[in-house]
Number of protein chains: 2
Amino acid sequence: MLIAALIDGLTVNDANRALSIEDRGLSYGDGLFETMALRGGAVRFLDEHLARLRLGCERLKFRVPPETTLRNDIAALTRGHSEGIVKLIVTRGMGGRGYRGDAALTATRIALLYPPLHGETSNGIRLRWCATRLARNSLLAGIKHLNRLEQVLAQSEWSDAEIAEGLMLDTEGEVISATASNVFIVNDGVLMTPDLRFSGVCGVLRQHVLLTASKIGLVVEERALRPEDLLGATECFVTNALRGIRPVVALDERCWPIGHVTKRLMAELTL
Amino acid sequence: MLIAALIDGLTVNDANRALSIEDRGLSYGDGLFETMALRGGAVRFLDEHLARLRLGCERLKFRVPPETTLRNDIAALTRGHSEGIVKLIVTRGMGGRGYRGDAALTATRIALLYPPLHGETSNGIRLRWCATRLARNSLLAGIKHLNRLEQVLAQSEWSDAEIAEGLMLDTEGEVISATASNVFIVNDGVLMTPDLRFSGVCGVLRQHVLLTASKIGLVVEERALRPEDLLGATECFVTNALRGIRPVVALDERCWPIGHVTKRLMAELTL
């Protein structure tokens, strides 16, 4: 399924699809990643993805590779391809044993190209609640780091292909996001999405939707949301960089039509 | 510094020190590890390490490799060596994109041999407080999984070689452990160590100390501990599998002599 791969800018072929077993990305999840949509030969929201990656490197206190290097990696990886999924992993680098990362380490860059998603529709998706909770740690909130066991465990909770996503609460019972998407609701005409001070990933499409919503004059609130806020909402949708905006038409027994605000934002996004 | 390495039981040589870039250990920290002391040709507390690894695999819901396979890996890795550090990593296996782990995946086994630690004394060590907090998630507490960014960030807080370890609080302000050691105190003659219901790693040596303490008639409590409990303690020590019991003689301005209970437990451990 993997179409092409580069490690530190060098092509990885089938005979040598390999990473150092001492890379800190493996040892401790000591790194970050971005998953991006390649469409018409260009990576969508590339600037925003690189900005989030840079923020993540700063938060984890390691030197972000030069932006031109990352752009060159992606250009080399996607050459000759117009549609697909680009995954970029940046780790603190190769280390020995021990949690402390040597400040002199050079970050490892891994760029992976996968085929595009298929079978996407905008007819709306079904969600469920996950039992797996997200821990709270403001130090790790918002960035897209490699410590993803909570998401892995949450997705292991169901296998019904009719359920597209699972909603996750944090350990205090607040709604944070779906396993691989951010969540939005419309309540009394206000667009609301969970604030991500303590957990969750600050999605590139989430930011884009917030910006677009403000531009078109919607009232927007990033705030704590409880399950009852979702159940009382008039519209609900989820976002991610690969699948865009997906209207939510059902959450367990609760059903929604695809609402006006959702439709409006979807139309803006495809412009 | 790496002396020898095996991936899935096969020797990794310098020309081929390599792991799949699609291994879920790298993608999501989707795996577990054990760090063990090789002494006199035998791995100390091997049964206990393998038991914790098994518990971790169950918690993460993936099939633990057969115990004989893991023992064979370690035997092959350490052949001809009598002293060192054995690190065993077990991941859910090689996956494609996406958090959900296919139930049919075969776990990846990575066995690494490093030289032994040197310069260890039992004269006592100095600790500091870390600003980095541990998040609370009972699902991940106790097991030694690969999501270790909190420990990485905590160890990045200091570089003074005189400070051997840093103590970590959880996000609610409870003392949980040091960055790579468990912590014990003696208070009113009672041996106390933080309970690890919400965070922290349930150390192999921690368990051994608790067992030994009960055997020799000490009153033992696993409970919530606050910083003031530490400051008010009459003895303090930390434990890990490589370094054994290390008396704490200073925590910032607070100093302790090496106490009777600590000495007694150290003597029991070296028997």
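Here is the naming used below: chain letters follow the sequence lines, and residue numbers restart at 1 for every chain.
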Whatever's closer than 4.5 Å to a heavy atom in chain A on B:L149 counts as both
For residues 145-166 of chain B, the salt bridge (Lys or Arg N to Asp or Glu O under 4.0 Å) pairs (sequence neighbours left out) are B:R128-B:E157
Honestly, the part of A:S199 sitting under 4.5 Å from a heavy atom of chain B is neither
When rounded to the nearest 0.5 Å, the distance separating OG1 of A:T132 from CG of B:N137 is 8.0 Å
If one checks every heavy atom of B:L140 against chain A at 4.5 Å, the contacting part turns out to be side chain
One should read off an interatomic distance between B:E22 CD and A:L19 CG, to the nearest 0.5 angstrom, of 12.0 Å
Counting heavy-atom pairs under 4.5 angstrom with chain B, the leader among A:T179, A:L26, A:T91, A:D30 is A:L26
Expected contact set for residues 54-65 of chain B against chain A at heavy-atom separation under 4.5 Å reads B:R59, B:L60, B:K61
(request) Test B:R92 against A:V152 for side-chain contact (heavy atoms from CB on, under 4.5 Å), laying out the working first. (result) CA-CA 11 Å; B:R92 196 183 304 266; A:V152 169; 3.4 Å; yes
Okay, A:S27 and chain B: the region with an atom under 4.5 Å from a heavy atom over there is both
If one checks every heavy atom of B:R97 against chain A at 4.5 Å, the contacting part turns out to be both
Most heavy-atom pairs under 4.5 Å with chain B, out of A:D23, A:I85, A:T171, A:L112, belong to A:I85
Honestly, the part of A:L139 sitting under 4.5 Å from a heavy atom of chain B is side chain
- For B:R100 and A:S156, indicate whether the former's side chain and the latter's backbone hold a donor-acceptor pair under 3.5 Å. no
The interface call for A:I89 against chain B, heavy-atom contacts under 4.5 Å, is side chain
